Amino acid sequence: MTKNNTFRPKKAMILAAGLGKRMRPLTATTPKPLVEVAGKALIDRSLDRLVDAGVETAVVNVHWLADLVEVHLARRSAPKIEISDERGALLETGGGIVHALDKLGPDPFLLFNSDSFWIEGSRPNLEVMFEAWDETRMDALLMLASTVETVGYSGPGDFVMDRDGLLARREERKVAPFVYAGTALLHPRLFEGAPEGAFSLNTLFDRAIEADRLFGVRMDGLWLHVGTPEAIGKAEAKIRESAA
C-alpha cells in the first residue's frame with residue numbers, strides 16, 4: 001500500500017484498566033478514567049477527540065472499578081463502545097491490546113491512554129498523524145511532546161527522533177527531547193509474536209525500533225499528563241488560560 005494522506009482509522013483503543021495508584025486517594029472510589037478535569041471525565045476527553053476525528057468505534061479495557069466505567073460509558077451515544085474485560089487479570093498495556101485485537105480488526109487503529117490529553121495548537125494533532133502515516137514503513141506512529149514543555153510530566157523523556165521521524169530510545173543518564181504523549185497509531189502486525197499474558201507495550205516499541213519501524217510526530221500544542229491529584233489543578237489552569 002502506498003502512502004495515503006487521507007487515511008483515517010475507524011477504530012481506537014482506550015487503555016482504562018489501570019489501578020491509578022499515583023492518583024490515590026481519588027481512585028479509591030473513582031476509577032482513574034472517570035476522574036474529572038475542568039468538569040469532564042478524562043475518558044470523555046479522549047472519546048470526544050475520537051468522535052471529532054471520525055473514529056466510529058472505541059474499544060475500552062476495564063479492570064479496576066470496572067462496573068462504574070461501564071455504566072458511565074453506556075450513557076454515551078458516540079462513538080460506539082466495545083468493552084474489553086480484564087476483570088480476571090490486569091494485562092498491562094501490551095497484554096491488554098493483545099486481548100482486544102479481535103475487537104480491533106485487521107486495520108491500523110488509534111491508541112489512547114485515558115490519563116493524558118492535550119490542548120491543540122495550530123492544527124489538529126490527529127489529522128497530522130493521519131497524514132504522516134505510511135504503513136509501508138511504519139508499524140507504529142507515536143505522538144510525541146516536548147520533554148520540557150508539558151504539564152504534569154517531569155521525567156527525562158523517552159525518545160530521540162531524526163528528521164524523517166524515525167525513533168530511538170533515550171540513552172542512559174541522558175535527557176531526551178521527546179516524551180511519548182500516550183497517543184499512537186498502531187498496525188496490528190506490531191503484535192505478531194507478542195508475549196502471552198501481561199507485558200508492557202514498550203517491549204514491542206523496542207522491537208519496532210530494531211526493525212526501523214517505530215516513528216513519531218511532534219505534537220503541536222500542550223500535552224497535559226494527569227497522573228496525580230496535583231496535576232489536575234495544573235491542567236485546569238492551562239485549560240482556563242487557553243480559553244481566555
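These numbers come from a predicted model, not from an experiment.
- Contact annotation: the side chain of D158 never approaches that of R170 to less than 4.5 Å [non-hydrogen atoms, C-beta and beyond].
- With a 4.5 Å cut-off on side-chain heavy atoms, T150 and H225 do not count as touching.
- If you check the side chains of H72 and D44, you find a donor sitting under 3.5 Å from an acceptor.
- Between K11 and D107 no salt bridge is recorded (no basic side-chain N to carboxylate O distance below 4.0 Å).
- To the nearest 0.5 Å, the span separating OG1 on T57 from CD1 on I81 amounts to 8.5 Å.
- Here the CH2 atom belonging to W118 is positioned 4.5 Å from the CZ atom belonging to R49, to the nearest 0.5 angstrom.
- Using a 4.5 Å heavy-atom cutoff, the side chains of S146 and W223 are not in contact.
- At a threshold of 4.5 Å between non-hydrogen side-chain atoms, the residues L186 and F205 count as touching.
- Contact annotation: the side chain of T183 never approaches that of N113 to less than 4.5 Å [non-hydrogen atoms, C-beta and beyond].
- At least one side-chain heavy atom of L50 sits under 4.5 Å from a side-chain heavy atom of I14.
- Between the E86 side chain and the N61 main chain, no donor and acceptor come within less than 3.5 Å of each other.
- L222 and F178 are assigned to two separate hydrophobic clusters, defined by single-linkage of ILVMFWY side chains at heavy-atom distances under 4.5 Å.
- Using a 4.5 Å heavy-atom threshold, the side chains of L224 and I119 count as touching.
- With sequence neighbours left out, F159 forms a ring pair (Phe, Tyr, Trp, His ring centres under 6.0 Å) with no residue at all.
- When side chains are defined from C-beta on, P229 counts as touching M23, because their heavy atoms get closer than 4.5 Å.
- The existence of a salt bridge linking R22 and D115 is excluded, since no basic side-chain nitrogen approaches an acidic carboxylate oxygen closer than 4.0 Å.
- Taking both residues in full, the closest heavy atoms of V59 and A100 are given as CG1-CB, 3.9 Å, listed atom of the first, atom of the second, then distance.
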